[in-house]
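See structure below.
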Amino acid sequence: MDDIDAMFSDLLGEMDLLTQSLGQETEPPERLPSTRQEINFSVGLTGLNASLHDLEDNDLDALMADLVADLNETEKKLEAEIQGLHAPPSSSSDLPPPPKGLGVQPASSITSPPSPGNNRSSSVTTQSPSTSSPLPPPPLQSSKPTMEEIEAQMKADKIKLALEKLKEAKVKKLVVKVVMNDGSSKTLMVDERQTVREVLNNLFEKTHCDCNVDWSLCETNHELQLERTFEDHENLVEPLLAWTRDSENKVLFQERKDKFEVFKNPQNFYLWKKDKKTLKDMKDKDKELLVQENFCGTSIIVPDLEGVLHLKEDGKKSWKQRLFQLRASGIYYVPKGKTKSSRDLICFVQFDNVNVYYGKDVKNRYKAPTDFCFVLKHPQIQKESQYIKYLCCDDAWTMKLWVTGIRIAKYGASLHENFKTAERKAAVSAAVWTNRSTPSSSSPSTPSPTIRAKTATQANGHAPKPQPGPQHQGIGNLPAPPPLNEILPPPPPDPVLPPPPPSLASKPPLSNFPPPPPSMDSLPPPPPPPPMDNFSEDPPDFLPPPPLPTSYSSLPPPPPPAPAANFGRNINKSLPPPAPEFLPPPPPDPVFVASGAPPPPPPPPPPAAVSAPRPAASLKKMPPAPPKRTTPMQQGGGGGGGGGDFMSELMSAMRKRTDQ
Amino acid sequence: MAAWDLSVKVEDLGPDAPPVTISVASDLHVGGVIIKLVEKTQMQRDWSDHALWWDQKQRWLLRTAWTLEKYGIHADARLLFMPQHKPLKLGLPNGKTVMLKACFSNPVFQTVMGICRMLNIRHPEELSLLRPVEEKKKKKDKDLTEEIYDLTEVPLSSVSRPCLYNGMPAHFADSEQMEGVYKMLSVTQPPPAPEVIAKQYRPASVVDKSHIHGRWLDSSRCLMQQSIQENDRLWLRFKYYSFYDIEPKYDVVRLTQLYEQARWAILLEDIDCTEEEMMLFGALQYHINKVASSEPQMMSSNAALDDLESALQSLEVKMEGDSSSASDLLENMTAPELNDYLKIFRPKRLTLKGYKQYWFKFQDTSISYFKSKEESIGEPIQQINLKGCEVAPDVNVAAQKFLIRLLIPAPEGMNEVYLRCENEQQYAQWMAGCRLASKGKSLADSSFQSEIQSIRSFLAMQKTNSGSSNNSAASDESINTHSLVSPRYHKKYKPKQLTPRILDAYQNVAQLSLTDALMRFLQIWQALPDFGLSYVVVRFKGSRKDEVLGIAPNRLIRIDLGVGDVVKTWRYNNMKQWNVNWDIKQMAIEFEGNVNIAFGCVTADCKIVHEFIGGYIFMSTRSREKSDTLNEELFHKLTGGHEAL
């Protein structure tokens, strides 16, 4: 710790630069570096503490947890600075709560509050395009002398480390409101470097859903009536920054079957010309081969797509038919009177600068020939413009083909990587859940989300990183599954619970029922139960990709939650039959091996007794959810009102919204 | 047993020497015959590579333990005693010719293995030999200048020791001349002159393309059996487009030759691509040439490293990378910027005023402008963030026009902005800045200087091209852009029209290392829809017209010649069996679901088609565990036909 502090004093000059905007607003810039450092620190920290205190119980506490869980002192300092950076602008201008957010929809995100802050501090980071912000005068003089003092090699190393810290300090964070399936929402802090996958993992922790591969974050554009699924490897913050301040765009947390459909049924995309029956009867082995051929070679192969589509041209109102062709390098069309030979093709669009979206309601809005429309536009374009390209297909299936094809062409191998990661996550989290539902392990596991989220952030790592731990737990801990069986019994609430997932997570505490196993929340439509024995040879480390596709490809729809499945099996044994109907089939998951292979379940303790710890565990996590939101908000408002720091600002933003 | 006279022509005695006659008995084994022969000639030399060739039966007598009786040899047999390895002129994918000793006695499959071992190409199963296209003999003087790289001195035994010295097989390190040969093999060739491209044979149709595949040699028979003579010319090419496990570290020659083959396939329109793709291929060629010529050392030394060394080196690189990123950061602190008077024009605003001069400041990824230099401390008139924008040049060096066209995304759509620079110097800097900013990189990025450099060299290209057409200054700065694209575009565009388009595509590849650029070229090539198709004109059973069968690594396609469309696709993994009726030269293939097809081959021998299909199936059986040992037996089983049985 001292070391790091020393490092910091070495680098105060640089810090000055960074905290420039903060300094301007909060303190006289002439201060000695060291004092300022301290003051910055304390100011930030007290502010943080105060707001934490105020917020203790309200909706934001998950968010707060993210911030507090920071164990590193230095980290804290920087964190505080960030908040400092964010705070002044938003409090002074009072822009934060976007008007739309206050409207009918409680569900719009509040990306904008932080962004003004970002703009201010952006002399070092990126700047949002539209605003012109005053550039801080270059404070070079202050940094130069400090630099000259540094002579030793050791110090150089320290600089490097410190630079990384500084880099971290420059990291943009957004508070994002994610809309769940049922219309409720969750708020989370997203760091500029976090990928969609990391955010998804975060959400998994918060929602206790089954983590299957279909869970996605989607972006909707209200003004243009567009929608698209974020790819797991994308950074979430960047596209969100493109939103206009008053937009009613949303981020949705949903299961999207089409996200990874191409890996589950590659034949539908790569052999789409074949007849339906051949496609349907495709053997798993052949599916796997197709994925192999097209995604695992030296080059990614884009599905061979060609067909007549309706095009709405540059701002014109009419729709024109053209013969389009998809190639790895872009979409082309055949000019009138020319052949389909490659060299005659005219390039319609290349994918470097556009994203592909689904268009909604195009028939009404643009007099489109059909409603099966996909749209290509630069991610920054948010309003009607001639630079948006609309393409209409004759049927939904064709549209899906094109959108998927374009995604393959645009993202290539990343898509496959994403799928493999998602698959691993689904398998691992099933194992984790099994483990977690053990009474003893449930409470320690509660704080883990924050810590995990944090580590992921700091390491700037990717999803797989945190997994090995839990995964081994789940697998190594073979005895775990049997207890699970006993805990699971509380099926009574289950029939009451319909599919919508995350909201349920919050309901149980209200009804005095013992909460159902969390993953029960999101029961996907029950697919046919797969053979479970296939998976007994799955190695514990999940790494080799080949085995996974095989096993998965045998299951048509997404892998359902493991605990739920276990639950089902047990019910079959010990409980009245009705339950199984609601239960999804067991997923292809090593947990099964665990739960299935060592089958001697010890005599189950009475359900009630066992379920007691569970509510406790889940209560810890869940209370912050919706029901509590209204009241604590007001409390928070009272305490944090004067602070004028970021947290209180956030709170007031939240309050305004909920109040309306 | 009765002795009789056997006369054998000994090649080493010269073409006019009379046959050597020895007295043999029918139970004498071939080895004994050879000993008698050697004794009779009384020549002191290494006879170990020599063997007997039976002319009438067109076969080698390689089993020395077999008796003459067993071989069925009588006094009337015309036997030839000669070395099994003979010199061959081999045309390589890069257009160069090597002379080397190839095995004339083993099946071509093994001959190719031997050649590849000598040239240091892994996975020889993907390559084969074919008879070259007859050259039009227009200019005989041209032919004289052809350089032949001589590898005939390489002792055959040395080929078997695979030890690497200085990145190359030991035999390449023997002399400077040999090192030169290795350099030719492992370093990409400079872009060919446009006239050279134009002069080469270009297939104009699918049928033309199908003729080339009639030239492949039969892998299961030896060169002698296919009437290839000593010193004949053959082409070595990648035949199966299924490139297994390319590892740049070990595959220097393989990768280079593969690139060359792909490059020529593009330049000669052997495979079709779109204009955009052609520009990207052109840009990659330009880049590869530039990088290869600037760091020829890298290539060979890279390969020279053994595991430990390379691990160390990559570690070093990593550390360098780290420190440079740190120093980048430091530079970021001192925020490099560009400041200058430029002219701006925004066509969207319907003012006819045209270009107006402002004081511009380029910082980070944004441009801001002010009324004048003096006012630049205050609030700018406007600030434009270039991240995600499109940048296009509009330059005419002769007319001293240096425009940067920017399409800047905004929530409302794209805004068009023109920046006018005064001179080349200014243009190169601002253009480079815009390019980087559009990708979200700031001026502090390490690539800024190289970006400026490449913009300049492209400007220079425009200059030389627009000047006198004879580019006497043949520095690599002034490549004729016609060298990078197929002749079709020579007619369509002037070099100076091509330059900005290639430059445009170049932006996306300019940062690639040599290996990455090669790999990218191959990837784009492999992603072309027609990649990997070898065509044969066939006639399907029951059909009255010729059609084209396309053979790809994973499927067969049937192409209707009239429409030029793919009518039908069959995938190998659905294939149950295939048979060849050698008498009527017809192939019959059965697929799952009771699909049966049968066809006779028009432009190629049945065996060639059979070998293609069997070959691809063989390629798909390769797997990582046994990648090092080539299952030759299986290959012959799959491709050999009746001869293998």
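Being a predicted model, the structure only gives us computed values, none of them experimental. Every chain is numbered from 1, with letters handed out A, B, ... down the list of sequences. FYI, side chains are in, hydrogens and waters are out, and symmetry mates aren't considered; it's all heavy atoms of this structure.
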Atom CD of A:E238 with >12 non-hydrogen neighbours under 6.0 angstrom: no
When B:E390, B:E275, B:M519, B:R488 are compared by non-hydrogen pairs under 4.5 Å with chain A, the top option: B:R488
Closest approach of B:D272 to A:R327 (non-hydrogen atoms, all atoms of both residues): O-NH2, 3.9 Å
Value rounded to 0.5 Å, distance of OG1 in B:T274 from CD in A:Q325: 9.0 Å
Engaged part of A:K283 at the chain B interface, taking heavy atoms whose separation is under 4.5 Å: side chain
Option in A:N353, A:T278, A:D344 with maximal non-hydrogen atom pairs under 4.5 Å from chain B: A:N353
Residues A:H378, B:L407; criterion side chain to side chain contact (heavy atoms under 4.5 Å, CB included); working and verdict: CA-CA 11 Å; A:H378 194 288; B:L407 260 185; over 6 Å; no
Side chain / backbone / both / neither for B:A527 at chain A, heavy atoms under 4.5 Å: both
Gap between atom CG of A:L241 and atom NZ of B:K387 - 0.5 Å precision: 8.0 Å
A:D275 atom CG, neighbour heavy-atom count above 12 within 6.0 Å: yes
Separation between CD of A:Q380 and CD of B:E412, rounded to the nearest 0.5 Å: 11.0 Å
Which portion of B:R520 sits near chain A, non-hydrogen atoms under 4.5 angstrom: neither
Per-residue contact mode, B:M278 against chain A (heavy atom under 4.5 angstrom): neither
Residue list, side-chain contact (heavy atoms from CB on, under 4.5 Å) with A:I300, at least two apart or on another chain: A:F295, A:I408, A:A413
Residue A:K338 excluded, over 12 heavy atoms near NZ under 6.0 Å: no
Option in B:L386, B:L522, B:D530, B:D565 with maximal non-hydrogen atom pairs under 4.5 Å from chain A: B:D565
Closest contact, heavy atoms only, B:P411 versus A:T244: CB-CG2, 3.5 Å
B:K492 and A:R343, any side-chain heavy atoms less than 4.5 Å apart: no
Candidate pair B:E277 and A:S329, rule side-chain hydrogen bond (donor to acceptor under 3.5 Å, both in side chains), full reasoning: CA-CA 7 Å; B:E277 286 155 356; A:S329 58; 2.4 Å; yes
A:Y387 side, atom OH; B:E416 side, atom CD - distance, nearest 0.5 Å: 5.5 Å
B:R571 side, atom CZ; A:E293 side, atom CD - distance, nearest 0.5 Å: 4.0 Å
Any side-chain heavy-atom pair of B:N508 and A:D352 under 4.5 Å: yes
Greatest number of heavy atom pairs closer than 4.5 Å to chain B - which of A:L345, A:T298, A:I301, A:T339: A:T298
Any B:N573 side-chain heavy atom under 4.5 Å of A:L290 side chain: no
Under 4.5 Å from a heavy atom of chain B, the part of A:Q350 involved: side chain
Polar side-chain atom of A:K377 near backbone of B:G413 as donor-acceptor pair, under 3.5 Å: no
Nearest-0.5 Å distance, OG of residue A:S342 to CD of residue B:E276: 11.5 Å
